[in-house]
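Notes follow once the structure below has been shown.
Side-chain atoms are counted along with the backbone in the values below, which use heavy atoms only and exclude waters and symmetry mates. We number each residue from 1, following the sequence as shown. Only a predicted model underlies this, so the values are computations on that prediction, with no experimental measurement involved.
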Amino acid sequence: MESDWELNADVVVVGSGAAGISAALAAAAHGRHVLLLSKGEVGGGATALAQGGMAAAIGPDDDGSLHCSDTLQAGAGLCEPSAVAALVSAAPNTIEQLNQRGSRLDRTALGLEAGHSRRRIVHAGGDATGAEVHRVLAAALAASPVEVHCGMIALDLLTDADGRAGGLVAGVIGSNGQPLRTGVVKARAVVLATGGFGQAFATTTSPVGVTGDGLAIAARAGADLRDLEFVQFHPTVLWQQGARGQQPLITEALRGAGAVLVDAAGLPVMAGRHPLGDLAPRDVVAAAMHERITRSGSDHLWLDATALGRTALEEGFPTVTAACRARGIDPVTDPIPVAPGAHYACGGIRAGLDGQTSMPGLFSVGEAAATGVHGANRLASNSLTESLITGHRAGNLLGRHLPEQRRNLRPPAHGPGVSAAHRPALAEAMSRHAGVARHAAGLRRLLAELNSVSPSDESSLSLATVETVSLHTVSLLVATAALARAESRGCHRRSDAPTTGPSRHSVLRWRNGRIDRSEQPTQEIGVPA
């Protein structure tokens with residue numbers, strides 16, 4: 001195929017968060033030639049923003065069985081027990097390995113977050129754990145032989161006639177909206193570590209570039225996608241009148257320290273709603289908040305942390321305190337206005353803990369992947385831990401064994417694209433119909449809106465159009481999965497189907513522009529080696 005440039009490697013990793021860097025480092029340590037592509041600067045995704053921390057059963061009153069139990073409880077029947085057990089077993093050593101690399105993770109002053117029955121959240125810098133993890137990984141990456149290319153976006157998978165992955169079509173991002181300069185990366189293995197798709201919604205904690213690129217790429221190539229209807233909405237996102245796009249996260253560790261959700265009258269929102277109160281699993285808290293907001297006709301609620309005192313807030317939660325004060329709110333004296341916002345994709349590209357997907361040669365790790373750990377609702381602070389573990393496992397696997405080099409590669413066929421002008425309206429429609437509370441009629445309206453979007457008339461390919469196409473693709477997939485799952489489970493709540501049915505995974509496959517859906521039981525779903 002024609003291209004402006006070509007690169008070759010053993011392994012190409014797309015994404016520079018915790019999962020992507022971990023995979024790249026592990027593969028390179030085995031002597032593999034690794035390319036890492038990053039749409040922006042290294043670490044520009046969600047990793048550096050993680051406030052809560054990393055979950056690991058290392059406290060004196062804790063053990064792996066309790067961590068497993070809490071994860072399975074939060075996952076509402078859709079976790080894969082063996083995947084959870086493997087994560088829980090590897091978590092303590094993962095913390096230790098980070099500290100050996102020079103991190104400042106505190107293994108003694110453990111935090112408590114929603115859904116956890118014990119204090120097991122490892123922090124650094126109070127509420128700046130993600131930033132510390134990124135600092136350590138970025139330093140290791142800079143000292144490694146991994147070849148890093150920033151300002152480059154993956155566009156499509158290259159596959160052979162048998163549907164096996166052998167590289168990527170990618171674009172070099174120019175300045176000031178210039179067209180992408182497209183080329184190919186040929187590699188024996190492709191690792192998608194592109195994060196989630198929070199920007200598909202009007203309000204999110206995700207950075208502006210988190211647009212579901214990896215999920216859309218895998219979908220167009222025909223890879224299996226699992227449980228995409230399960231999108232976690234973080235209960236406490238800083239609310240501001242008329243604000244759209246990325247908004248500051250108010251870590252639930254604040255509730256673990258004693259902050260309380262209240263309504264306009266100062267009444268506790270979670271009183272009598274769940275045995276864990278304000279520290280109930282996120283889906284429960286977000287649903288209760290949505291119900292109270294809807295009933296009151298308000299736009300938001302408040303998180304009252306004033307009882308914690310100045311020292312606890314300024315020293316224990318410096319990121320949250322600074323974000324609030326930058327917007328004229330002093331959490332020492334004022335309740336913080338909050339509302340649920342799109343936060344984490346529990347579903348994704350179907351993969352094992354070592355990253356293997358349904359497509360030979362294609363691997364996926366981190367939030368882009370659905371490994372069976374998170375089920376229908378992610379337990380707080382399991383994601384950063386999972387990203388490190390799955391990235392490392394995938395890199396080690398590719399270090400030991402690489403797929404064969406594929407021949408006669410080609411990208412998938414696809415349509416004319418979607419104009420970037422549609423992006424705000426698409427996000428508003430997703431939040432309105434596929435947010436915390438869903439209904440079949442609303443989801444049908446959403447699908448009708450998505451299917452009526454006019455194509456792009458651009459003569460050349462721009463970053464804005466590529467991201468809008470990814471968001472449009474992801475939105476179609478999520479809406480299709482949400483409409484088909486006529487039950488309420490975890491972070492998928494249907495007001496017209498409030499009960500819970502049998503535990504089944506949903507699997508989507510994009511075939512020639514059509515989305516096929518099937519169901520599979522909640523047991524280990526094998527993927528090819």
- Message: Check this for me: does any side-chain nitrogen of one of E229 and R489 sit under 4.0 Å from a carboxylate oxygen of the other?
- Response: no
- For V285, the option from R273, H274, M270 that meets side chain to side chain contact (heavy atoms under 4.5 Å, CB included): M270
- Item | Spatial distance of atom CG (L49) from atom CG (L249) [nearest 0.5 Å] | 8.5 Å
- Item | Inter-residue atom distance H123.NE2 - T108.OG1, 0.5 Å rounding | 11.5 Å
- Student check: side-chain heavy atoms of L388 and L98 closer than 4.5 Å: yes
- Search all heavy atoms of A83 against all heavy atoms of V373 and return the closest pair with its distance. O-CG2, 3.9 Å
- With ring centroids as reference points, do Y344 and H374 lie under 6.0 angstrom apart? yes
- Query: So among S475, S431, S206, which one has a side chain to side chain contact (heavy atoms under 4.5 Å, CB included) with F201?
  - Reply: S431
- Which word best sums up how the rings of W239 and H300 line up, parallel for under 30°, tilted for 30 to 60°, or perpendicular for over 60°? parallel
- Query: Is the shortest side-chain N to carboxylate O distance from R295 to E291 below 4.0 Å?
  - Reply: yes
- Task: Hey, could you give me the CE/CG distance between M289 and L301, rounded to the nearest 0.5 Å?
- Result: 5.0 Å
- Item | Heavy atoms of other groups near Q100 CD, more than 12 under 6.0 Å | yes
- Task: Using a 4.5 Å cut-off on heavy atoms from C-beta on, say whether the side chain of S22 contacts that of S387.
- Result: no
- Message: Counting only heavy atoms not in R101 (residues, nucleotides, ligands), do more than 12 fall under 6.0 Å from its CZ?
- Response: no
- Task: Starting at CZ of R327, measure out to CD of Q240 and round the result to the nearest 0.5 Å.
- Result: 5.0 Å
